[in-house]
Amino acid sequence: MYWLAWKTLFHERGRLVITLTGIIFSAVLTLAQVSMYIGMMGNATAIIRHTDADIWVASKNIQNFDFTNPFPEEWISRVRALPEVLWADRLIMTWGFLKLSNGGKEQVQIIGFNPDTGVGAPWSMVAGSPSDAKGGNYMIADVTSQKRLGALEKGTVWELNDRRFELVGLSEGIKSFTTAPVVFMSYNTAQSFQGLVKSGQTSYIVAKLRYGTNREQVADMLGKTMMNNDVMTKDGFIYRTIAYWTIQTGIGMGFFLTAILGLIVGGAIVGQTVYANTMEHLREFGTLKALGARNRDIYCVIFTQVCINAVIGFGVGSTLIMLARSGIEKAGVSLYLSPVLFGIIFFVVLSTCLLSAFFSVRKVRTLDPVTVFRM
Amino acid sequence: MDTILETKNVTKVYGEGDNRVVAVDSVTLALKRRELLLIMGPSGSGKTTLLSIMGCILHPSQGDVVLDGRTVSGLGSDALPDIRKRFFGFVFQSFNLFPSLKAAENVELVLRLKNHDKKRLKTEALELLDKVGLGKRSDFYPSDMSGGEKQRVAFARALAGDPPVILADEPTANLDSKTGMDVLRLLRALAEDFGKGIVIVSHDPKAEGFAHRAVFLEDGRIKE
Ligand SMILES: Nc1ncnc2c1ncn2[C@@H]1O[C@H](COP(=O)(O)OP(=O)(O)OP(=O)(O)O)[C@@H](O)[C@H]1O
Ligand SMILES: [Mg+2]
């Protein structure tokens, strides 16, 4: 009966176009919302994810990576005292104002990392290397910030909070949740800088555990001894940051609702056209039943058509997103688009379409072939 | 001439209490191969109901339907689609063709339903259309054909899979007088030349001249 599905589907072009429009609409909206959301959450947790540490020690009641209070850096000795800890290091997260060539100022997020060990260092470098930031007023910026900061070139000198910095390296693709440009410098430089973090203070202590150690247990244990801090595993901190932006701020909810709305509207359009199509063919379906077709033969026709629609509609929707991608990213929005995400959203869109055929299936099931003699 | 289809004291009651209607009342009837049987009767006399019971689409309230020597009225609803597939071709007053399929494809659809050899579907469909004199219209959509042509396609479709019995409800009602005659002539030929047992329900007085036998139904009963 796949044959019948193909034949009738492409015969009714008008309805096909409406159905496809519904699915494309759903696919584009859902893909855009979900990839934007994941992109934002990816940015919000980028430093945590890319730092090779198992444990994060932060200020008490920290909500997310970007909102932190400094605390004494010497507390690192408590972390190092644990036999399970392989190494521990410090990381500064603070804010500053970068003077632009046009005279304006731009707020930037500053990460102070250890250029000797590379803990907290920028990844995906396109010019220079993280160790170049060592021993002076050197900074590393990200090429995606060029829209905000103007042209970034290695060797140029910039003024950050009234201090002159030489740009010694460039990374690509490191962005913050707040969309403020991210600037990396050495830990010592960041500390000597008159920002939120004073000398002798740090924003984070990060630690790597020996292989095979239970991270949760160590975090619990440390948390009991470090009463003035929050001690989290890497995953725990990622989760806390995401939960904050998603739930507490309602940002995630907004994306979620828009995506769901897209699915509902698309599903309603598909359901409506499939149902209209079924109603229009009721006489023929009844005839088929009289001639010995079983319900499942006719379901097969309906579902095959829905699947073909879903594949084409999702294909077009994905293509549109891919075409618009660079434009959207130039506007400063991060999109996370991976084959797995396409796979999952295709599955969701397909399920919505199949679900929307529910009324059609019910109609066919209750269709009594006797009635075709009276139609 | 051997009997292919029989009804034995078949009764169909619709509804209950005040709404109770005895649509078919103890009808005993036999159809032989190569026979064109005409069922006549006024509106509401139970013709369509009887035809639906004969075609294993509707369960009788009482009585038996015997198909090629086998009592089928006792079988569960699950078994009926396959029985219909094997034994019956149906023709309807309003043709009921798929508008998005060409004439040949409408026939092909039923061949597919009956699991015919995929390689021979096109040839078989064309052969069937030839039998009803429509070989030249195989590429036409129903919307581009006359009523008589559509009804011929419906007959070709009913013949698909070579079922021994063809049941037709008012096959000439939507056709003009001359086309109706052509269709009746065709039906007679299908019975005699292809050995089908054919039952037609018709108001059409012309039909009597083509049938081998006619029965008259009134209030669900056969009137001799
Ligand atoms: N599903 C049903 N429920 C209740 N009564 C029904 C049903 N189907 C038919 N009837 C009744 O059964 C009787 C016989 O109907 P049937 O359709 O078999 O008559 P008919 O001879 O085919 O009529 P016509 O020539 O108008 O087509 C009628 O009184 C009709 O109202
Ligand atoms: Mg009738």
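Heavy atoms only: backbone and side chains are in, while hydrogens, waters and symmetry mates are out. Protein chains get the first letters and strands the later ones, always in sequence-line order, with residue 1 at the start of each.
Between the CG atom in A:D297 and the CZ atom in B:R112 there is a gap of 13.0 Å [rounded to 0.5 Å]. Here NE2 of A:H11 is found 10.0 Å from NZ of B:K102. Values are rounded to the nearest 0.5 Å.
If you measure heavy-atom distances from A:L4 to chain B, the contacts under 4.5 Å come from the side chain alone. Only the side chain of B:R157 comes within less than 4.5 Å of a heavy atom in chain A; its backbone stays farther off. Interface remark: B:P99 contributes backbone and side-chain atoms alike to the contact with chain A (heavy atom separation under 4.5 Å). Only the backbone of B:L97 comes within less than 4.5 Å of a heavy atom of chain A; no side-chain atom from C-beta onward does. Neither the backbone nor the side chain of B:E170 comes within less than 4.5 Å of any heavy atom in chain A. Proximity to chain A (any heavy atom under 4.5 Å) is shown, for B:I57, by both the backbone and the side chain. Heavy atoms of A:E12 lying under 4.5 Å from chain B belong exclusively to its side chain.
Between the side chain of B:R86 and the backbone N or O of A:G292 there is no donor-acceptor pair closer than 3.5 Å. A donor-acceptor contact shorter than 3.5 Å is absent between the side chain of A:R283 and the backbone of B:N96.
Highest contact tally toward chain A, considering only B:L109, B:L58, B:L101, B:L51, is held by B:L109 [criterion: heavy-atom pairs under 4.5 Å]. If you tally non-hydrogen atom pairs under 4.5 Å between each of B:P163, B:P81, B:G55 and chain A, the highest count goes to B:P81.
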Can you check side chain to side chain contact (heavy atoms under 4.5 Å, CB included) on A:T287 and B:F98, steps first, answer last? CA-CA 10 Å; A:T287 306; B:F98 267 87; over 6 Å; no
Go through the steps to decide whether B:K114 and A:L291 satisfy the test side chain to side chain contact (heavy atoms under 4.5 Å, CB included), and finish with yes or no. CA-CA 9 Å; B:K114 298 188 176 180; A:L291 293 173; 5.6 Å; no
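More than 12 heavy atoms of other residues, nucleotides or ligands lie within 6.0 Å of NZ in B:K85, so this atom counts as buried by the packing criterion. Within 6.0 Å of atom OH in A:Y336, 12 or fewer heavy atoms from other residues, nucleotides or ligands are found, so the atom counts as exposed in its surroundings. By the 6.0 Å contact criterion, CZ on A:F256 is open, its count of non-hydrogen atoms from other residues, nucleotides or ligands being 12 or less. By the 6.0 Å contact criterion, CZ on A:F10 is enclosed, its count of non-hydrogen atoms from other residues, nucleotides or ligands being greater than 12. Atom OH of A:Y2 has 12 or fewer neighbouring heavy atoms from other residues, nucleotides or ligands inside a 6.0 Å radius. The number of heavy-atom neighbours closer than 6.0 Å to CZ of B:F216, taken from other residues, nucleotides and ligands shown, is above 12. More than 12 heavy atoms of other residues, nucleotides or ligands sit less than 6.0 Å from atom CG of A:N295. Counting heavy atoms of neighbouring residues, nucleotides and ligands inside a 6.0 Å radius, atom CD of B:Q62 does not exceed 12 of them.
Scanning all heavy atoms of the two residues, the minimum distance from B:D82 to A:R294 falls at OD2-NH2, 3.2 Å. Nearest heavy-atom pair, A:P369 versus B:R84, reported as atom, atom and distance to 0.1 Å: CG-NH2, 4.1 Å.
Ring orientation note: the planes of A:F373 and B:F90 are nearly perpendicular, at an angle over 60° on the 30°/60° scale.
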